[in-house]
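Index from 1, following the sequence.
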Amino acid sequence: MEMVTLVRIKDIAERAGVSTTTVSNVIHQKEGKVSPVVAERIRKLIEEMGYIPSLSAQMLARDSSHIIGVVMGYSPEESLRSRDGLLAAGLVGYLEEAIHSEGYYMMLLTRRSVEEILQESQAWNFDGLIACNLTQEEIEALHSSYEKPLVLIDSNLERSVPNVCQVSSDEAGGGYQMGRYLLSRGHRHILFITADDQENDRLRWLGFRQAMEEADMEQVDAMCLRVSGDREERLAQYEEKLPLLRQQTALCFSSDFHAAEALNWLRAAGLETPGELSVAGFDDMVYAKTAWPALTTVHQSLDKKAQAAVRALADMVSGIEPESDHLKIATCVVERDSVRDV
């Protein structure tokens, strides 16, 4: 096999009899201090020697790299074990499509420290960052050191921050809609089940809770059941709480993942769904469509979320203020087969 030799700027400089700075200036079209004769000689050597410029160096040399960094706040291994894995995969696909349509390139960074994110951003001269699923501490550290436009997806900051735009689904609105929907189907004995303490789950519960309070339901706080994030512990809790579950007519889960899992467990426990117990979820991912019975759920539009995030960032890069510093994407209830009238 023929060996391929990487041509360096130093090699071209030695052949041309000039400094590496002069060669670099010609490569980056900064020829103000380079004579036309020398510049032409360097260009010919670049072609003859097959020099391939460093993409990162080109990006750094320009005012705009046309690269948008996308930071996902977990590793690929974590996403495979996480209920959010499919949501993240779908979001990345829509982000790439939206970024390309705006004339930019996307560079994806999975779990990194804030220091690494900043280093990558500087090395590739990102025009801006879209960060998904970062912790509050990471967001504060990133914003304090990052000077270019930043869009946060599903971060739910409680305050406005300069040069930062938030984009999220209307989590509380979705919880409220599902609560109203179950009430409209005649359900009064309902448990909202969440296996997470994430901000999105909390907002979904608060929206659901509001619907229950408006309907003058009693002991609303007791309608929320928090279970473990560990599968074995969670199923053991369902076993322990089986008498309580049998007293309900509907279970509303904070994610389709846990709703689909519960459907299988309930069936094994001898409960007919939706005949004896209706089940609803949240997200409208593949779990909802492939579960049996198919899940009634809250749909969130990943494509619209991605488009809103990219549009806001592109505007900020161009010096245009987004229409809002927190863009909320509407949600809606999708009816399938897992909920019946009471």
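Within the structure, ring-ring contact (aromatic ring centres under 6.0 Å, His included) pairs that include any residue of residues 288-325 do not occur (at least two apart or interchain). Residue pairs meeting the salt bridge (Lys or Arg N to Asp or Glu O under 4.0 Å) criterion with at least one member in residues 95-106, sequence neighbours excluded: Glu102-Arg311.
The main-chain N or O of Glu138 is never found under 3.5 Å from a side-chain atom of His143 such that the two would form a donor-acceptor pair. Judged by distance alone, with hydrogens and angles left aside, the side-chain atoms of Glu276 form a donor-acceptor pair with the main-chain N or O of Glu272 at under 3.5 Å. Using modelled atom types, one side-chain atom of Asp11 and one backbone atom of Arg8 make a donor-acceptor pair closer than 3.5 Å. Under a 3.5 Å cut-off, the side chain of Ser65 and the backbone N or O of Ile67 do form a donor-acceptor pair. Between the Glu116 side chain and the Ser113 main chain, a donor and an acceptor come within less than 3.5 Å of each other. Between the side chain of Lys148 and the backbone N or O of Phe126, at least one donor-acceptor pair lies under 3.5 Å. Put simply, the side chain of Ser121 never gets that close to the backbone of Leu118: no donor and acceptor are under 3.5 Å apart. Between the side chain of Ser278 and the main chain of Val339, no donor-acceptor pair closer than 3.5 Å is present. Remark: the backbone N or O of Val298 is not paired with any side-chain donor or acceptor of Thr331 at under 3.5 angstrom. Within the 3.5 Å criterion, the main-chain N or O of His326 finds a donor-acceptor partner in the side chain of Ser324.
Rounding to the nearest 0.5 Å places CD1 of Ile139 at 12.0 Å from OG of Ser144. One distance of note links CG of Asp315 with CD of Glu323; it measures 9.0 Å at 0.5 Å rounding. Rounded to the nearest 0.5 angstrom, Asp325 CG and Asn163 CG are separated by 12.0 Å. The line from SG of Cys252 to CE of Met212 is 8.0 Å long, rounded to the nearest 0.5 Å. Of the inter-residue distances, the one linking Cys165 atom SG with Leu313 atom CG reads 9.0 Å to the nearest 0.5 angstrom. Going from atom CE of Met107 over to atom CG of Leu129 covers 11.5 Å, rounded to the nearest 0.5 Å.
Of the charged side-chain nitrogens involved, none lies within less than 4.0 Å of a carboxylate oxygen, so that Arg202 and Glu171 do not count as a salt-bridged pair. Between Arg226 and Asp201 there is no salt bridge, since no side-chain N of the basic residue sits under 4.0 Å from a carboxylate O of the acidic one. With respect to Glu40 and Arg43, a salt bridge is recorded, a charged nitrogen being found less than 4.0 Å from a carboxylate O.
Heavy atoms from other residues, nucleotides or ligands lying under 6.0 Å from CZ of Arg180 number 12 at most. Counting non-hydrogen atoms of neighbouring residues, nucleotides and ligands closer than 6.0 angstrom, the CD atom of Glu147 reaches no more than 12 such neighbours. Under a cut-off of 6.0 angstrom, the local environment of CZ in Arg231 is sparse, with at most 12 non-hydrogen atoms contributed by other residues, nucleotides or ligands. Within 6.0 Å of atom CD in Glu214, more than 12 heavy atoms from other residues, nucleotides or ligands are found, so the atom counts as buried in its surroundings. Sparse packing is recorded around NZ of Lys10, with 12 or fewer heavy atoms of other residues, nucleotides or ligands lying under 6.0 Å away. Within a 6.0 Å sphere centred on CZ of Arg41, other residues, nucleotides and ligands contribute more than 12 heavy atoms.
Side chains of Ser228 and Gln237: no donor on one and acceptor on the other come within 3.5 Å. One side chain, Thr297 or Asp256, offers a donor N or O that lies under 3.5 Å from an acceptor on the other. Looking at Gln300 and Asp283, their side chains do bring a donor and an acceptor atom within 3.5 Å of each other. Between the side chains of His189 and Thr249, no donor-acceptor pair of N or O atoms lies under 3.5 Å.
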Which donor-acceptor pairs under 3.5 Å do the side chains of residues 20-27 make with protein atoms, sequence neighbours left out?
unit_1	atom_1	unit_2	atom_2	d
Thr22	OG1	Ser19	OG	3.0
Ser24	OG	His28	ND1	3.3
Asn25	ND2	Thr21	O	3.3

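Hydrophobic cluster membership is shared by Met223 and Leu206, with clusters built from Ile, Leu, Val, Met, Phe, Trp and Tyr side chains linked at under 4.5 angstrom.
Closest approach of Ser254 to Phe192, counting heavy atoms only: CB-CZ, 3.9 Å. The nearest pair of heavy atoms linking Gln177 to Cys332 is OE1-CA, 3.3 Å. The shortest non-hydrogen separation linking Leu45 to Ala16 is CD1-CB, 3.6 Å. Across all their heavy atoms, Pro293 and Arg267 have their closest contact at CD-NH1, 4.1 Å. The two residues Arg234 and Ala195 make their nearest non-hydrogen contact at CD-CB, 4.1 Å. Taking all atoms of both residues into account, the shortest heavy-atom contact from Arg340 to Pro274 is NE-O, 2.8 Å.
No side-chain heavy atom of Val151 sits under 4.5 Å from any side-chain heavy atom of Val164. Side-chain contact between Met72 and Ile153 is absent, with no heavy atoms from C-beta onward closer than 4.5 Å. Side-chain contact check for Asn200 versus Asp154: some heavy-atom pair is nearer than 4.5 Å. No side-chain heavy atom of Pro243 sits under 4.5 Å from any side-chain heavy atom of Arg246. A 4.5 Å side-chain heavy-atom check between Ile46 and Ile12 finds at least one atom pair inside the cut-off. Using a 4.5 Å cut-off on side-chain heavy atoms (C-beta onward), Ile68 and Ile130 make contact.
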Check the pair Ser168, Ile329 against side-chain contact (heavy atoms from CB on, under 4.5 Å), reporting the backbone distance first and the verdict last. CA-CA 6 Å; Ser168 63; Ile329 310 303; over 6 Å; no
Go through it in stages, so that I can follow the logic: the residues are Ile99 and Val70, the test is side-chain contact (heavy atoms from CB on, under 4.5 Å), and I'd like the CA-CA distance, side-chain angles, deciding distance and then a yes or no. CA-CA 10 Å; Ile99 287 170; Val70 173; 3.8 Å; yes
Please lay out, stage by stage, how Leu134 and Leu142 fare under the test side-chain contact (heavy atoms from CB on, under 4.5 Å). CA-CA 10 Å; Leu134 296 186; Leu142 182 60; 4.1 Å; yes
Residues Asp221, Arg209; criterion side-chain contact (heavy atoms from CB on, under 4.5 Å); working and verdict: CA-CA 8 Å; Asp221 287 338; Arg209 187 180 191 277; 2.7 Å; yes
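By the 4.5 Å side-chain criterion applied to Ile, Leu, Val, Met, Phe, Trp and Tyr, Leu266 is assigned to a cluster that also includes Leu191, Ile193, Leu225, Val227, Leu235, Tyr238, Leu242, Leu244, Leu245, Leu251, Phe253, Leu263, Trp265, Leu271, Leu277, Val279, Leu295. Membership of an apolar cluster is not assigned to Tyr176, as no side-chain contact below 4.5 Å to another ILVMFWY residue is traced.
Between Tyr287 and Phe257, the angle of the ring planes goes over 60°, which puts this pair in the perpendicular group of the 30/60° scheme.
Between His66 and Tyr105, a ring centre-to-centre spacing not shorter than 6.0 Å is recorded.
For Tyr94, the ring-ring contact (aromatic ring centres under 6.0 Å, His included) test picks out no residue, with sequence neighbours left out.
Exactly one of Arg204, Lys305, Lys304 qualifies for a side-chain contact (heavy atoms from CB on, under 4.5 Å) with Ser169. That residue is Lys305.
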